[in-house]
*Asks:* 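Below you will find the structure I want to go over with you.
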Amino acid sequence: MSFFSKGYAIKWTVLLAVNILFIAGIAVGQTFTDDAKIAAGFLKSFDSLSAKEGSISAEDVQKALIAERSGVTADLVKPVSKELSAHTLYEKAKNATVITGVAYLCPRCENVHLSESTGYIIDRKGIMVTNYHVAASYAFMKDGNKPKGFVARMADGRTYAVKAVLASSKKNDLAVLQLDTHGDVLPALSLADSVEVGDKIYILGHPKGIHYFFSQGNVNNRYLEEVGEGDQKFFREMISVSADYATGSSGGPVMDIYGNVVGTVANTRMFLHSDINAGVQMVLKNTVPVESLWKLIRE
């Protein structure tokens, strides 16, 4: 074979190898989320965990929520100052964002059910944040349902029991929980100081069982929200955002462009045109500002 023929063969061999690697790279790229598999795996993990040790009782969570303790000793992660690409931020946040599971028995069957919401780790030893109303759904269960356990699932499938409620605020809809990690070191998110109107933000959560749904938007408003009824009315600091979320996203992290937490998903509020014309004009996406979390941890 001539030198030209050998060079030609080498060239095509290299090109073929590059193409094979390129195709393989696509094949092993980002996978598609199998929500049914995650839900089934979470329930299986709960069954296994429950058989071994169980979690904090609903009665103990109830007592802790009523007490509304504040002040948490935590080894917090140092805030990040380098802007991340959206994909990098997603992967980082996913590792530290949990599926919070409230397990219960309903009066209609003998199967254990898991009600899913969201939370995020702030201390590698297993301290996590979620909403007060998420913890309350376990502590003050209604409609004849019986509580069976309170757990959290990491993105890699590891599932841990909630061991304690370290702090909580009904007014600000926040709860800080301790997971029983058995010494495992978990990925954690850092906390920012604040965020301003107009800043870009990202949210990660599990709306209606769609796991690790990632959305982005901007801070629309920082305002005092009036809540409660009658003599129980009060005002609380809230941040409204344009990023999407729904039921199941409660307790999820709201993050800035660096991946620092600037808020916690709380609720939505629907605005109608009028009582006569019930057409939906806008849905307000309310999140608890990180300043409220700082106060709860530090006090």
Side-chain angles (χ1 to χ4, degrees), residues 33-69 97-121 126-168 170 173-182 184 186 205-213 245-252 264-268:
T33 303
D34 189 335
D35 293 309
K37 184 177 180 180
I38 290 174
F42 193 12
L43 185 57
K44 185 177 180 180
S45 295
F46 168 76
D47 289 338
S48 176
L49 191 65
S50 180
K52 293 178 182 177
E53 56 187 280
S55 66
I56 185 173
S57 69
E59 291 78 11
D60 285 342
V61 173
Q62 189 176 123
K63 291 176 184 177
L65 294 182
I66 292 173
E68 290 199 78
R69 292 187 291 266
T97 300
V98 305
I99 307 173
T100 307
V102 171
Y104 65 95
L105 287 173
C106 76
R108 294 174 295 280
C109 70
E110 296 181 356
N111 298 324
V112 174
H113 306 279
L114 269 179
S115 176
E116 296 182 353
S117 53
T118 312
Y120 55 93
I121 307 297
I127 297 177
M128 64 166 279
V129 176
T130 189
N131 289 134
Y132 180 99
H133 76 256
V134 170
S137 69
Y138 175 62
F140 304 97
M141 201 159 281
K142 301 177 180 179
D143 302 322
N145 298 321
K146 296 181 179 180
K148 290 291 292 181
F150 197 15
V151 294
R153 181 189 192 274
M154 305 298 294
D156 61 10
R158 288 179 293 173
T159 302
Y160 302 106
V162 174
K163 183 169 67 173
V165 177
L166 302 180
S168 65
K170 184 176 182 179
D173 199 11
L174 290 172
V176 182
L177 312 176
Q178 176 66 62
L179 301 179
D180 192 356
T181 65
H182 300 287
D184 288 352
L186 308 183
H206 318 295
K208 294 290 186 179
I210 302 174
H211 300 100
Y212 297 101
F213 183 87
Y245 59 81
T247 300
S249 300
S250 291
T264 305
V265 172
N267 60 67
T268 61

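Index from 1, following the sequence.
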*Asks:* Would V162 and Q178 satisfy side-chain contact (heavy atoms from CB on, under 4.5 Å), going step by step from the backbone distance to the final call?
*Replies:* CA-CA 6 Å; V162 174; Q178 176 66 62; over 6 Å; no
*Asks:* Can you tell me how far apart NZ (K63) and CZ (R69) are? Round to the nearest 0.5 Å.
*Replies:*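 If we round to the nearest 0.5 Å, K63:NZ and R69:CZ are 11.0 Å apart.
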*Asks:* Is any side-chain heavy atom of K52 closer than 4.5 Å to one of S48?
*Replies:*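 Contact flag for S48/K52 side chains = yes.
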*Asks:* State, without any angle test, whether Y120 and T264 hold a side-chain donor-acceptor pair at a distance under 3.5 Å.
*Replies:*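 Checked: Y120/T264 side chains pair up, N/O donor to acceptor below 3.5 Å.
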*Asks:* What's the separation between atom OH in Y104 and atom NZ in K148, rounded to the nearest 0.5 Å?
*Replies:*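 Separation between the atoms: 14.0 Å.
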*Asks:* Under 4.5 Å between any side-chain heavy atoms of M128 and L186, yes or no?
*Replies:*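 When only atoms from C-beta onward are counted, L186 and M128 do not touch, as no gap falls below 4.5 Å.
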*Asks:* Using side-chain heavy atoms (C-beta onward) and a distance below 4.5 Å, is E53 in contact with D180?
*Replies:*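 Yes, at least one pair of side-chain atoms sits under 4.5 Å.
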*Asks:* Mind telling me whether H206 and H211 have parallel, tilted or perpendicular rings, with 30° and 60° as the class edges?
*Replies:*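 H211 and H206: tilted rings.
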*Asks:* Do V151 and L49 touch side chain to side chain, with heavy atoms closer than 4.5 Å?
*Replies:*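 Contact flag for V151/L49 side chains = yes.
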*Asks:* Looking only at non-hydrogen atoms, find the nearest pair between A175 and N131 and report the distance.
*Replies:*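 Where A175 meets N131 most closely, the heavy atoms are CB-O, 3.8 Å.
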*Asks:* Just wondering, do E68 and K170 contact through their side chains at under 4.5 Å, heavy atoms?
*Replies:*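 Side-chain contact under 4.5 Å: yes.
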*Asks:* Could you tell me whether a side-chain N or O of T118 sits under 3.5 Å from a main-chain N or O of T100, the two making a donor and an acceptor?
*Replies:*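 Not a single qualifying donor-acceptor pair exists.
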*Asks:* Applying ring pair (Phe, Tyr, Trp, His ring centres under 6.0 Å), can you list everything that pairs with F46, at least two apart in sequence or on another chain?
*Replies:*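 Residues passing ring pair (Phe, Tyr, Trp, His ring centres under 6.0 Å) with F46: none at all.
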*Asks:* Would you give the length of the straight line joining atom OH of Y132 to atom CG of L65, rounded to the nearest 0.5 angstrom?
*Replies:*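 Going from the OH atom of Y132 to the CG atom of L65 covers 4.5 Å.
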*Asks:* As an exercise, state the distance from CD of E116 to NZ of K208, rounded to the nearest 0.5 Å.
*Replies:*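 If I round to the nearest 0.5 Å, the distance is 12.5 Å.
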*Asks:* Under the side-chain contact (heavy atoms from CB on, under 4.5 Å) rule, what do Q62 and F140 come out as? Steps first, then yes or no, please.
*Replies:* CA-CA 7 Å; Q62 189 176 123; F140 304 97; 3.1 Å; yes
*Asks:* Taking C-beta and beyond as the side chain, do L43 and D47 meet within less than 4.5 Å on heavy atoms?
*Replies:*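 Side chain of L43 against side chain of D47, heavy atoms only: contact under 4.5 Å found.
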*Asks:* Please report the shortest heavy-atom distance between S250 and S117, naming the atom on each side.
*Replies:*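 Looking at all heavy atoms of both residues, the shortest contact is O-CB, 3.8 Å.
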*Asks:* How many angstroms lie between atom CD1 of I121 and atom CD1 of I127, to the nearest 0.5 angstrom?
*Replies:*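 CD1 of I127 is found 9.5 Å from CD1 of I121.
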*Asks:* Applying side-chain contact (heavy atoms from CB on, under 4.5 Å), run through L177 and T130 and close with a yes or a no.
*Replies:* CA-CA 8 Å; L177 312 176; T130 189; 3.9 Å; yes
*Asks:* Return the minimal non-hydrogen interatomic distance between G54 and A161, and the atom names on each side.
*Replies:*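 Residues G54 and A161, closest heavy atoms: O-CB, 3.5 Å.
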*Asks:* For Y138 versus S55, what's the shortest heavy-atom pair and its separation?
*Replies:*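 Taking every non-hydrogen atom into account, OH-OG, 3.9 Å.
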*Asks:* Hey, are the side chains of I99 and F42 touching, using non-hydrogen atoms and a 4.5 Å cut-off?
*Replies:*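 Yes; the side chains approach each other to less than 4.5 Å.
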*Asks:* Measuring only between side-chain heavy atoms, which start at C-beta, is R153 closer than 4.5 Å to I38?
*Replies:*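 Touching, per the 4.5 Å side-chain cut-off.
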*Asks:* Please assess T181 against R158 for the test side-chain contact (heavy atoms from CB on, under 4.5 Å), listing each intermediate value before the final yes or no.
*Replies:* CA-CA 9 Å; T181 65; R158 288 179 293 173; over 6 Å; no
*Asks:* Between Y160 and L179, which heavy-atom pair has the shortest distance, and what is it?
*Replies:*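 Looking at all heavy atoms of both residues, the closest pair is CB-CB, 4.1 Å.
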*Asks:* Would you say the side-chain atoms of S249 pair up with the backbone N or O of G252, donor to acceptor, closer than 3.5 Å?
*Replies:*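 No, the answer is negative, given that no donor and acceptor are paired below the 3.5 Å cut-off.
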*Asks:* Which heavy atom in Y245 sits nearest to a heavy atom in N267, and how many Å separate them?
*Replies:*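 Looks like OH-O, 2.9 Å.
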